[in-house]
Amino acid sequence: MYTIEITGGRPLCGSTRVQGAKNSVLPILAATVLCEGTSVIRGCPYLEDVACALEILECAGCKCRREGDAVTVDASVIRKSRIPDALMHKMRSSITFLGAMTARCGKAEMSFPGGCELGPRPIDLHIKALREIGIRVTEKGGCVRAETGDFAGGRVHLDFPSVGATENLMMAATLSRGETVLTNAAKEPEICDLQSFLNKMGARISGAGTDEIRIEGVSRLHGAEHRVIPDRIVAATYLCAGAMTGGQIELRETEPEHIGAVLSVLRDTGAQVETHGDRIRLKAPSRLNAIKLLRTMPYPGFPTDAQALVTAMLTLGEGTSMVEETIFENRFKHCGELCRMGADITTRGRIAVIRGVTHLTGARVEAMELRGGAALVIAGLAAEGVTEVRGTAHIDRGYDTFLEDMQALGASIMKREAGACICQKRDEGI
Ligand code: UD1
C-alpha cells in the first residue's frame, strides 16, 4: 500500500469538480437487484466500496460492467441470496443489501456487520423495521437471515433516523403487498436519491427528505437509468482544505443545498462562500475564526462525516473551538494524529476541545478511518514542511480523485510506494 506525501503550506487556488456520492451509489447498486432487468448507474466513482458492492452483485449472479463513470447491472438472474462473509467484512455497509435481496429472492442471509473503526455498528433498527412489515428475521451464529413470509407492509417508527435502516426498509417495502408508512425516517439527500431511482424503476414512494416516507408496494420493478447526486462530503473536504490553506477555490458539479450546515460553519469561520447553481466558491480569511460549539446531527444538521474535516480546519482557528460528536462513539481517532502535527486538541468522550494554533508542522501520521484520514491530508496541505500519511486504504474507500483534484488546485501531493512516485491505475470491468 502506498503513502501520501504532501509538501504543505501553499494556498489552494483554482477550480475542480466533485465526484458522485459514495453513500448514494452503494444503496442504489443494492437496489438494482430488485428488478429482473438491466439498470445503468452514472456518476459512479472508482472506490474500493463500489468495487465491493459490484463483487456482491456478481457473486449473487448479476452481470456488471463498468464504462467510465457508468456501471451497468444486469440483474435478470439472481442465483444466490447469501453474501459471503469476506465481502461483509470488507464493507460494513453491505448490510444495505439485506432489504433488496430479501424482497427479490424471498430470503437472504449474511453475517452480522460487527463493529468498525467508528465503534459498534448495530443493525437492530434495520431488523426491527423489516419485522414490522412482515419479514421474518432471525439472528444465529453471527448471521442474520431474512424471509419474506406474509409481506404486507405496515407502519414503522424508527427510534433513531438511521440512514441504513431507512434505505433497507424502502427497498424491501417496495415489493410488499401493501402500504408502508415509515416515521422518523432519515432525511439525508442520499435517501431522496434512492427514492428517485426506485421510482424510476416503477416503485411508488413519496416523502423522502421529510420524516415520513410512504411506500405503496408494487408487484414488480423494471431496470432504470440514473445519475447519482454529487458527494457532499467530498465537497466539504475540498472546501475545508481551501479554507485551511488560506486559499480561494471553486467547486463544480456540487449540490450546495446538501451541505447547507457545512457552508454555514465555513461562513462562521470568516470564509466568504458563494453559490451559483452547481458551483461553490470559497475565499478563506487571513485567519479562521474559532467555532464555539459544533454538534453533529442527523440531516439537515451538521454531518458526522464532515466532523473530522472541520476539526482539522479548526486547529488553525483563532481561539478555542468545541466539537461534539453525537452520532458515532469513536470518531476522534484523527485528533491524536493532528496533535503530532502541532495541533492542540483534548478529547473527552464525545467532546473535542480544539485550541487554535498559528501553524501546523508536517509529520508522519496514520489514517485510521476514512474521513479521519482525509482530515490528515487536508491538515498536511496546510502544514509547514512534509507530511506523510499512511493507512491510505481507508482514504481510498471514499475518495476517487483526491490527489489529482488537490494537484489541480496547486497542491504538492503525491503517492509514494517504496520510495517511488506512482500514478493511479484505473481498470475497466469491475
Ligand atoms: C450512513 C453513512 C455514513 C454516515 C452515517 C450517518 C452509508 C454507506 N454510510 O451510515 O457514512 O456516517 O450514515 O450519517 O451511507 N444505529 C443503531 N442501530 C441500527 C442502525 C444504526 O443503533 O440498527 C446507530 C449507529 O450505531 C450510529 C447511528 O445509529 O450511532 C447512525 O447510524 P446510521 O444512520 O444507520 O448510519 P449508517 O447507515 O450506518
Side-chain angles (χ1 to χ4, degrees), residues 20-31 44-45 47-50 52-53 56 88 90-100 112-132 137 139 144 146 156-172 182 184-194 208 211 228-229 231-234 236-237 258-259 261-262 295-310 324-332 349-350 369-375 394-395 397-399:
K22 166 178 92 79
N23 289 353
S24 260
V25 175
L26 298 177
I28 284 173
L29 285 175
C44 292
L47 300 174
E48 288 300 324
D49 280 8
V50 172
C52 180
I56 292 174
M88 282 305 289
K90 232 185 198 177
M91 180 175 74
R92 312 275 159 192
S93 55
S94 314
I95 195 66
T96 191
F97 278 87
L98 183 63
F112 223 77
C116 77
E117 307 85 29
L118 308 181
R121 295 302 282 266
I123 53 164
D124 54 315
L125 299 171
H126 301 234
I127 293 175
K128 192 170 161 227
L130 293 176
R131 280 182 180 148
E132 277 167 10
V137 189
E139 300 159 66
V144 50
V156 181
H157 180 82
L158 289 178
D159 294 333
F160 179 86
S162 154
V163 175
T166 301
E167 291 166 345
N168 251 329
L169 189 84
M170 282 167 80
M171 290 190 259
L182 172 63
N184 200 27
K187 300 196 277 267
E188 270 69 0
E190 293 77 17
I191 303 288
C192 300
D193 208 23
L194 179 61
D211 50 23
V228 299
I229 56 172
D231 196 306
R232 60 197 169 101
I233 307 304
V234 170
T237 306
H258 293 170
I259 49 168
V262 176
R295 188 176 277 139
T296 62
M297 297 291 279
Y299 192 84
F302 189 88
T304 171
D305 286 350
Q307 177 265 108
L309 306 155
V310 167
E324 186 183 357
E325 172 58 61
T326 74
I327 310 290
F328 288 105
E329 270 177 35
N330 200 359
R331 215 164 189 181
F332 282 134
R350 294 188 178 221
E369 47 96 7
L370 166 57
R371 305 300 170 188
H394 292 293
I395 301 173
R397 284 190 39 239
Y399 295 85

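Values below: every heavy atom of this structure, side chains too, minus hydrogens, waters and symmetry copies. Numbering of residues begins at 1 and proceeds along the displayed sequence. A quick note: this is a predicted structure, and the numbers were derived from the prediction, not measured. Both counts, for ligands and for their atoms, begin at 1 and track the order of listing.
Polar contact with ligand 1: present for Val163 (N/O pair, distance under 3.5 Å). Of the polar atoms of Asp305, at least one N or O is found under 3.5 Å from an N or O of ligand 1, judged by distance alone. Annotation: Ile327 places an N or O atom under 3.5 Å from an N or O atom of ligand 1; distance criterion only. Polar contact with ligand 1: present for Asp124 (N/O pair, distance under 3.5 Å). Here's the thing with Leu125: one of its N/O atoms is less than 3.5 angstrom from an N/O atom of ligand 1.
Among Thr166, Leu194, Asn23, Ile233, the residue whose heavy atom lies closest to atom 9 (N) of ligand 1 is Asn23. Across the listed options Leu370, Thr304, Leu26, Thr304 owns the non-hydrogen atom lying nearest to atom 14 (O) of ligand 1. Among Ser162, Gly398, Pro122, the residue whose heavy atom lies closest to atom 26 (O) of ligand 1 is Pro122.
Remark: minimum distance from atom 38 (O) of ligand 1 to any protein heavy atom is reached at Gly164 N, 2.8 Å. Nearest protein neighbour of atom 37 (P) of ligand 1, counting heavy atoms only, is Arg121 NH2, 3.8 Å. Closest protein heavy atom to atom 25 (C) of ligand 1: Phe328 CE2, 4.2 Å.
Once rounded to the nearest 0.5 Å, the distance linking SG of Cys44 with NZ of Lys22 reads 13.5 Å.
Between Ala186 and Ser162, the closest heavy-atom pair is CB-O, 3.7 Å.
Of the possible polar contacts, one joining the Ser94 side chain to the Met91 backbone as a donor-acceptor pair under 3.5 Å is found. Remark: side-chain polar atoms of Asp193 are paired, donor with acceptor, to backbone N or O of Ile229 under 3.5 angstrom. Within the 3.5 Å criterion, the main-chain N or O of Glu48 finds no donor-acceptor partner in the side chain of Arg397. Listed for the Glu167 side chain is no donor-acceptor partner under 3.5 Å among the backbone atoms of Leu169. Counting only distance, with no hydrogens or angles, the side chain of Asn184 and the backbone of His157 share no donor-acceptor pair below 3.5 Å.
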Mind listing the side-chain donor-acceptor pairs of residues 123-130 below 3.5 Å, one per line with the distance, residues two or more places apart or on another chain?
| unit_1 | atom_1 | unit_2 | atom_2 | d |
| --- | --- | --- | --- | --- |
| His126 | ND1 | Asn168 | ND2 | 3.0 |
| Lys128 | NZ | Asp159 | OD2 | 3.3 |

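Interface of Ser93 with ligand 1, defined as ligand atoms under 4.0 Å from a residue heavy atom, comprises 8 (C). In summary, the atoms of ligand 1 found under 4.0 Å from a heavy atom of Arg331, numbered by their order in the structure, are 12 (O).
Heavy atoms of His126 approach ligand 1 to within less than 4.0 angstrom. In this structure, Arg371 has no heavy atom closer than 4.0 Å to ligand 1.
For the pair Met171/Phe97, no side-chain contact is recorded, criterion being any heavy-atom separation below 4.5 Å from C-beta on.
Electrostatic pairing of Arg232 and Glu190 counts as a salt bridge here, judged by a charged N lying under 4.0 Å from a carboxylate O.
Within the 4.0 angstrom cut-off, atom 28 (C) of ligand 1 has one or more protein heavy-atom neighbours.
The proximity of Phe160 to ligand 1, defined as any non-hydrogen pair under 4.0 Å, is limited to the side chain.
By the side chain to side chain contact (heavy atoms under 4.5 Å, CB included) test, Asp305 is found to be paired with Asn23, Ile233, Arg331, Arg371, residues two or more places apart in sequence or in another chain being considered.
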